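Let me begin by presenting the structure, written as structure tokens, before commenting on it.
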Amino acid sequence: MSSTWSPTVRRRMFCLLAAGGLVLGAAACGSGSGESTGGKVKITVTGQPPTSQPFERGVFDADVKEFEESHPDIDIEPHEGFMDPKTFSAKLAGGQLEDVYYVYFTDPAQIITRRQAADITEAAKSLKNFNDIKPELLDNFRGSDGKLYGLPTMNYSMGLLYSRPLFQKAGLDPNKPPQTWDEVREAAKKIAALGNGIVGYADYSKNNQGGWHLTGWLYSMGSEVARKDGEKWVAAFNNDKAKAALNQLRAMRWDDDTMGSKQLLEAQDVQRMMGAGQLGMYMAAPDNVPVLVKQFNGKYEDYGVAGMPGGQGTLLGGEGYMLNPKASPEKIKAGLEWVRWKYLNPERFEKHVQQYVDGKQPVGLPAEPTPDIWQGAVRDQQLAVKTKHANVPAENFASYVDAGSRIKGSIEPPNAQQVYAVLDSVMQAVLTDRNVNVDQQLSSAESKVNSVLAQVK
């Protein structure tokens, strides 16, 4: 059976599992960095979906074929898999790392520091539409030397996913979702008051997902998780803003009783509740919506996504590609052209979206096949194509799209999964202990996170 998870959700869960030691290897080793034969440049690339995901695999393989036909001087050797931090350095040292390799937004900083990526600063300048990419996303691939070492190809930011039917039943306007956490709290009270086991708001608290969501809460309140202090990273969340976030969660859980009695939840628990019509709201990116529909029997018209409540910030994540530092200039040039053509190509917006329409995949969400990595006229062009081909109610997500141009996005902290493991315990304490001492929890977590950040090189 093919996976019905969207790529971002699927890869997010892969990353969490890898951090927990459950994924032993995902990227195929293949034949190293390829060869130049017969006057052609041969490059190896990661990112090919597995055969268990036939639609995504079909799109990828069709794109490889079309690219090679339009670029007869380049041969693509695709490899299954994405980023496995456990095997990455060994593959590079052993000459097995692909020429073009996938990374999460949390990867580039350490990869650049370790000189495990090629400098593409000059080569990227000649790429068509390079200046139309959001600069804050490109900055994630820049080193302290200001040079560029990779390109973003997909991003997400967290928002508030909510049930439109439950909003209506509770007397709330589904076209005017909450914009502040106080409004979320009040909406949760009205939704929980419907009874029959309906929960107003739910959140994650285990398997590193609690720490991930707590990071979203902290950003939404204008706080940070970590900051650079000279040459080292230090924890930056033990402050009044973090206390306000945790006290808000504590109040919703214990004073209002709007979060339900069952806690220690993770993504699938919350998605199952939402799909069953038993949950009003939870923090999520738009790519959760197809998951609710395909895995949990939901309907696209039943969901809306708003921008992150509070508007002071949101958690930004995503993915991109970097190039093997051992690759020849010819391979680097060919690799950049592949990334540009497949992932960063406004001329293919229409065709790419049509692939999803023909495959009966959702179009109209602020997620694949139209990732929000563009600015200016190209972003407007992409939105127009999405609107033209929409087969889901795009207006349900307008609040999220509008907020995207106003709310500052911040990427995950260094050593994110280890940091999240620490912050899991804070979320668990707040959601399972009525008498939790928030100050004590933050102080303890601060010390542990500082130890984690001390390992960042």
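Please read these numbers as outputs of a predicted model, since none were measured by experiment.
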Consider only side-chain N and O atoms of [X] and [Y], and report whether a donor and an acceptor are under 3.5 Å apart.
X	Y	answer
Asp203	Tyr201	yes
Gln354	Asp358	yes
Gln110	Arg114	yes
Asn396	Glu301	no

Min side-chain heavy-atom separation [X]-[Y] under 4.5 Å:
X	Y	result
Val199	Met273	yes
Phe105	Leu137	yes
Trp374	Phe349	yes
Val234	Arg227	yes
Leu161	Met274	yes
Ile74	Trp338	no
Phe130	Leu138	yes
Ile120	Ile332	yes

Should Asp61 and Lys65 be marked as a salt bridge (Lys or Arg N to Asp or Glu O under 4.0 Å) after you check the CA-CA gap, both sets of side-chain angles, and the distance that decides it?
CA-CA 6 Å; Asp61 290 349; Lys65 181 179 179 181; over 6 Å; no
Measure from the side-chain N and O atoms of [X] to the backbone N and O of [Y], and report whether any donor-acceptor pair falls under 3.5 Å.
X	Y	value
Thr121	Leu148	yes
Asn391	Gln361	yes
Ser220	Gly310	no
Asn324	Leu97	yes
Asn239	Ala236	yes
Asp99	Ala327	no
Asp424	Gly211	yes
Gln248	Trp181	yes
Gln375	Asn131	yes
Arg164	Pro174	yes

(message) Surrounding NZ of Lys333 (heavy atoms of other residues, nucleotides or ligands, distance under 6.0 Å), is the total greater than 12?
(response) no
Residues [X], [Y]: salt bridge by 4.0 Å N-O rule:
X	Y	answer
Lys42	Glu77	yes
Asp63	Lys342	yes
Asp229	Lys232	no
Lys128	Glu347	yes
Arg340	Glu337	yes
Lys388	Glu350	yes
Arg406	Asp402	no

Nearest 0.5 Å please: distance from the [atom1] atom of [X] over to the [atom2] atom of [Y].
X	Y	atom1	atom2	result
Asp139	Lys134	CG	NZ	13.0 Å
Ile373	Tyr156	CD1	OH	15.5 Å
Asp302	Leu292	CG	CG	10.0 Å

Closest non-hydrogen atom pair between [X] and [Y], with its separation:
X	Y	result
Tyr219	Ser223	CD2-O, 3.5 Å
Pro413	Tyr420	CD-OH, 3.7 Å
Pro286	Ser157	CD-O, 4.1 Å
Met308	Ile407	O-CD1, 3.7 Å
Ser205	Met427	CB-CB, 4.0 Å
Pro178	Ala187	CG-CB, 4.2 Å

- [ ] Could you check Phe167 against Tyr162 for ring pair (Phe, Tyr, Trp, His ring centres under 6.0 Å), going step by step and ending with a plain yes or no?
- [x] CA-CA 8 Å; Phe167 264 54; Tyr162 62 97; 4.8 Å; yes
Q) How far apart are the C-alpha atoms of Lys241 and Glu224, what are their side-chain angles, what is the distance that settles it, and do they pass the salt bridge (Lys or Arg N to Asp or Glu O under 4.0 Å) test? A) CA-CA 9 Å; Lys241 293 178 179 178; Glu224 299 176 286; over 6 Å; no
**Item:** Lys147/Arg142 under side chain to side chain contact (heavy atoms under 4.5 Å, CB included): CA gap, chis, key distance, verdict
**Value:** CA-CA 5 Å; Lys147 294 181 179 179; Arg142 295 190 192 279; over 6 Å; no
Side chain to side chain contact (heavy atoms under 4.5 Å, CB included) between Asp75 and Val41: does it pass, once the steps are laid out?
CA-CA 6 Å; Asp75 276 344; Val41 177; over 6 Å; no
Q: Determine the interplanar angle of the Tyr204 and Trp212 rings, folded into 0 to 90°, and report it as parallel if under 30°, tilted if 30 to 60°, perpendicular if over 60°.
A: tilted
query: What is the ring orientation for His71 with Phe67, classed by angle as parallel under 30°, tilted 30 to 60°, or perpendicular over 60°?
result: parallel
Do the two ring centres, one from Tyr321 and one from Tyr102, sit under 6.0 Å apart? yes
task: Kindly determine whether Val103 and Ile111 satisfy side chain to side chain contact (heavy atoms under 4.5 Å, CB included), including the steps that lead there.
output: CA-CA 10 Å; Val103 293; Ile111 288 175; 3.8 Å; yes
Q. Within 45° of the six-membered ring axis of Trp341 and under 6.0 Å from that ring's centre, is NZ or CZ of Arg348 located there?
A. yes
For this session: Check step by step if side chain to side chain contact (heavy atoms under 4.5 Å, CB included) holds for Glu412 and Leu315.
Result: CA-CA 7 Å; Glu412 297 171 278; Leu315 175 59; 3.7 Å; yes
In Asn129, Asp132, Val339, the residue satisfying side-chain contact (heavy atoms from CB on, under 4.5 Å) with Leu344 is Val339
